[in-house]
Amino acid sequence: MSGKPSSVPDTKKVRLGKFYLYLAFRHVLKLRTAYKEELCQSSGIDTCSTGHLGNGRMCETAKLTVMVESPPLIFHGEPTNSMGALFSGILRFTVGECTSSIEIVKLKLTLGINVTTTKPVVKACPSCVSQIEELQNWNFITRPMYLTSGHHEFPFSYLFPGQLPASCNSPLGDIRYILFAQAEDIVGRSYSSTLPLHIKRALPPGNEISLFYTFPPTNLTSHIVVPSVVHPMGSFPVRVTLRGVLDKENPNQNRLYIQSIKWQIKEHVKIVSHPCSKHASKARGKSVIHQDTRTIASSKEKSGSRYKFDLINNETRLQFEAGIDYNNGSVCDILNTKGVEVKHSLIIELIAEDRNTWIAARSGASVVLRMCSGLRIFERSGLGISWDKEVPPIYTDVPPGPPGYIAMEIPVRRQDTPSRLTSSEYA
């Protein structure tokens, strides 16, 4: 035998090293899985992973989702006579395949309206920036419940009152509707899901609006015709009629010639910032009103061929197309509800000058005729109608049934002797 050490490694030492390596790898894998689960719960994610399936995909413990069944939410008509919007959906709690059953102790759904302002009373206070009002809540369980693997559905419905404002996103603040679902199991793991809801208001088209203006000390009068409802996307016609453009008393027969026309649509937003209960004493219980005006559409035209002069009626008629650019983020009209008010106005400026009828020469200085009219901007109603006219009522709104039928005596004339038979005898 030689004194050199053997080059063949010891089998027992190799096996022991592999076993220790396996234990360390298993420990690291457990720590990684526990960390992911804790991170998932702290972040409020619906799906929490607890391991891996055979095919390598993540195994879900449970998942909470909200599915909407009703059509888009639209308030039809004015807030004073609108029947609101019917909303229905399903809260689905899905238990993963890797879990046999879960015992849940809480399953709740909350519907709220969130009014946010960009200019709060106290900027660093979240309660002053955003104020949430709860509209409805549903508690689907009152005691612990075992849910097996698969889908478990809980239906719900709610009728939004027509007096509520539509959703909006203005420079001073916004109005949002949010559905928030919460669930908790017996171990303490929580599941949540959030679904924002967008509600619009639509008005059917009606008769056109006519407005009259005078321009003292002259004899000029104007008549403007605009649609009753304007939509935030697309164009609409505007007709203007100027009367008294011809000076008949002047022997030169001067008339008012329109050089150009300029129009713009402005949006007026007003919001009331309310202090929270903590800072009510600092603000002395008073709310702060903020107002903002911006131009959402404008144009200028310089074509005199489109203007028609009527010598008999002594008037000039013109028509142009106005419209709103959808990319400007215009907001539909909102009445003073929840401290938010949005209005719109159309401003028209006509630049005109006196010209001689015979030689078409300029005989006077240019004048600016400025007119302002209100615009009502709402969503398109299309062929949509209110929920109460197209779908049957829900079971809580079904009135009592029709009255029952009562047996009545039916007179029957026979040939031998007149007599009367009751309905039972006749049958």
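This is a predicted model, so every value here is computed, not measured.
- Between the side chains of Ser273 and Thr117, at least one donor N or O sits under 3.5 Å from an acceptor N or O.
- One finds the CD1 atom of Ile377 at 3.5 Å from the NE2 atom of His344 (value rounded to the nearest 0.5 Å).
- Looking at heavy atoms from C-beta onward, Cys276 lies in side-chain contact with Cys125 at the 4.5 angstrom threshold.
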For salt bridge (Lys or Arg N to Asp or Glu O under 4.0 Å), just list the numbers for Glu208 and Arg239, CA-CA rounded to whole Å, side-chain angles, deciding distance to a tenth of an Å, and then say yes or no. CA-CA 11 Å; Glu208 295 179 328; Arg239 300 195 302 271; 3.0 Å; yes

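- Taking CG of Leu350 as the reference point, atom CD1 of Ile258 lies at 5.0 Å (rounded to 0.5 Å).
- Taking the six-membered ring where the residue is Trp, Trp138 and Tyr158 present perpendicular rings, their angle passing 60° and hence far from 30°.
- Considering His268, Glu267, Lys343 as possible partners of Thr293, the one that fulfils the side-chain hydrogen bond (donor to acceptor under 3.5 Å, both in side chains) test is His268.
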Is there a salt bridge (Lys or Arg N to Asp or Glu O under 4.0 Å) between Asp174 and Arg176 once you walk through the steps? CA-CA 7 Å; Asp174 52 11; Arg176 299 177 182 177; 3.2 Å; yes

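- Ring-plane geometry between Phe160 and Phe87 is classed as perpendicular, the angle between the planes exceeding 60 degrees on a 0 to 90 degree scale with a lower cut at 30.
- Taken to the nearest 0.5 Å, the CZ atom of Phe93 stands 12.5 Å off from the NZ atom of Lys63.
- Open room surrounds CG on Asn207; 12 or fewer heavy atoms of other groups in view lie less than 6.0 Å from it.
- Side-chain atoms of Thr110 and Asn137 form no donor-acceptor pair, as typed in the model, at a separation below 3.5 Å.
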